[in-house]
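In what follows, every chain begins at residue 1, and chains take the letters A, B, ... in the order their sequences are listed.
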There are 2 protein chains.
Amino acid sequence: MNKTALRVGNATHASRIYEILRRDIVNGCFQAGEKIAINALKERYCVGLSPLREALNKLAAYGLLTQENQRGFRIPRLDRSELDDIAQMRRKLECMALEQAIRYGDAEWESELLAAAHRLRRANGEDVEHWEHTHGRFHQTLVASCGSAWLLRFIEQLHDQFDRYRRLAPENSSIREVLDAQHDELVELALKRDIKAASLLLENHIMLSHQVALGSCRS
Amino acid sequence: MNKTALRVGNATHASRIYEILRRDIVNGCFQAGEKIAINALKERYCVGLSPLREALNKLAAYGLLTQENQRGFRIPRLDRSELDDIAQMRRKLECMALEQAIRYGDAEWESELLAAAHRLRRANGEDVEHWEHTHGRFHQTLVASCGSAWLLRFIEQLHDQFDRYRRLAPENSSIREVLDAQHDELVELALKRDIKAASLLLENHIMLSHQVALGSCRS
DNA sequence: TATTTTATGATAATCGATTTTCTTTCCAGA
DNA sequence: TCTGGAAAGAAAATCGATTATCATAAAATA
């Protein structure tokens, strides 16, 4: 009846769809290389063409979709050398950010970091969706006080790219345990303001995650 | 009569408009903070709402427009601290890229670099639009062989951001001369594979440009 | 039979009109 | 005069339908 009932809060359809699709793409709900069937999505998410196309265009600009000239949108293929690139960039940018974050982080940052780490520990064993969200928030908080909005923006973008690979890789519980332990160690070193050690540990953390994520592509 | 006559080559309206607007925003054809009057643009560029809105959405995702919840698009304001952030990120990412470019660059890269430098010298004194394009291409070529597509992507994005400030700043012919000379010195050091010196010079080059660009914002 | 050409159905891109939301103005009441 | 709220106008967002393009299959030609 009332079409406005579709509106959640005061966000536009386009922005809602954008967020939903971003999550779904990162979570691997689509096949890599798959063509986006706009009409199907239209039905699935109960929106018109216009807001849907606007969301797809944004996702293409963000790098979570490819757009070929007159033949619509596609989920990007998984490519070993691109994953290597993403992981290496994560290593460099996140270490850079962490060093600055430790240098400039105040008491509020320390509190937020402890809170984020606690939430992450609690999320362990909970449903995957929730853990993923909490995990992303943890890494975001870790570098949040670096002082550079653009650096944070790039890091978030790389995280989305990286997670798309990682989520498609098979589980490895032994490595996963190590990674989990590293989260707490990172907090410890950050609070001790040990820049060198924290940076080295984060580097190792990302390289280990890279090993895991490699399981998603054959080549 | 024939509406398809509007098509240039086989690009879509949306992608054409995207490129035109990107150039125009970077070149300062709009006032900082200005609200985008969609209907006016529609007339100006002879397109419908849909392709125009798709282009605007892409530009917002790219960072050349801001998008407020239900009140359209705006040209981002000029902000001193954001310019500082952009310049510092340029410094870090481009130096990183240059070091790798010198390490991995092959003979083809050397040739392209010499060609780009030559074009830049020739563009001096030509119309501004052409110089800007050639200048952008030069810096792009300088780091092109770094081996990381994502690093190049971020650098290009930062360049667009930076240039928006710089193009609005008043001319300074004495600094401009120094900057021009540095372009040639950069090529020389790059071809000599002197990573340290080249990186230091690029750092200085960006800091000098930063000084110039600062002239665009009061704060 | 192989290759090109021509139809046909499917999909992408665009347009024009409608609906919703925001902004400004004006008026009533304090 | 000032404040709050309704009404009108402008602008943003969305929809449904149209147009253009691509992809596939059938037919025609060499």
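Across all strands, Lys35(A) comes closer than 4.0 Å only to sugar-phosphate atoms, never to a base (heavy-atom distances). Within the 4.0 angstrom heavy-atom criterion, no nucleotide atom of any strand lies near Asn57(A). Using a 4.0 Å heavy-atom distance criterion, Ala37(A) is classed as making no nucleic acid contact. Note on Ile36(B): only backbone sugar-phosphate atoms sit closer than 4.0 angstrom, heavy atoms only; bases stay farther off.
Separating the CZ atom of Arg53(A) from the P atom of dA12(C) is a distance of 8 Å, rounded to the nearest angstrom. Atom P of nucleotide dT11(C) and atom CD of Gln67(A) are separated by 18 Å, given to the nearest angstrom. Nucleotide dA12(C) holds its P atom 10 Å from the CG atom of Leu41(A), rounded to whole Å. Following rounding to the nearest Å, Leu56(B) (CG) and dA11(D) (C1') show an atom-to-atom distance of 14 Å. In this entry the distance linking CD1 of Ile38(A) with C1' of dT21(D) reads 14 Å, nearest Å. Rounded to an integer number of Å, the gap from NZ of Lys42(A) to C1' of dT11(C) is 12 Å. For the pair Glu68(A) CD and dA12(C) P, the interatomic distance rounds to 11 Å; values are reported in whole Å. Rounded to an integer number of Å, the gap from NE2 of His13(B) to P of dT18(D) is 19 Å.
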Walk me through it: do Asp24(B) and Tyr45(B) pass the test side-chain hydrogen bond (donor to acceptor under 3.5 Å, both in side chains)?
-> CA-CA 12 Å; Asp24(B) 288 353; Tyr45(B) 297 117; 2.8 Å; yes
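When each of Leu49(A) and Phe73(B) is assigned the nucleotide of DNA chain D bearing its nearest heavy atom, the one mapping closer to the 5' terminus is Phe73(B).
Comparing dA23(D), dT14(C), dC22(C) by their nearest atom to the side chain of Arg71(A) picks out dA23(D). Taking only side-chain atoms of Gln70(B), from C-beta outward, the nucleotide of dT14(C), dC15(D), dT21(C) with the closest atom is dT21(C).
Salt bridge Arg53(A)/Glu54(B): present, at least one basic N to carboxylate O contact under 4.0 Å. Here Glu132(B) pairs with Arg166(B) in a salt bridge; the nearest charged N to carboxylate O distance falls below 4.0 Å.
Of the residues listed (His159(A), His133(A), His205(A), His183(A)), the one engaging Phe138(A) in a ring-ring contact (aromatic ring centres under 6.0 Å, His included) is His183(A), and it is the only one.
Under the rule for a salt bridge (Lys or Arg N to Asp or Glu O under 4.0 Å), the partners of Asp160(B) that lie at least two apart in sequence or sit in another chain are Arg22(B).
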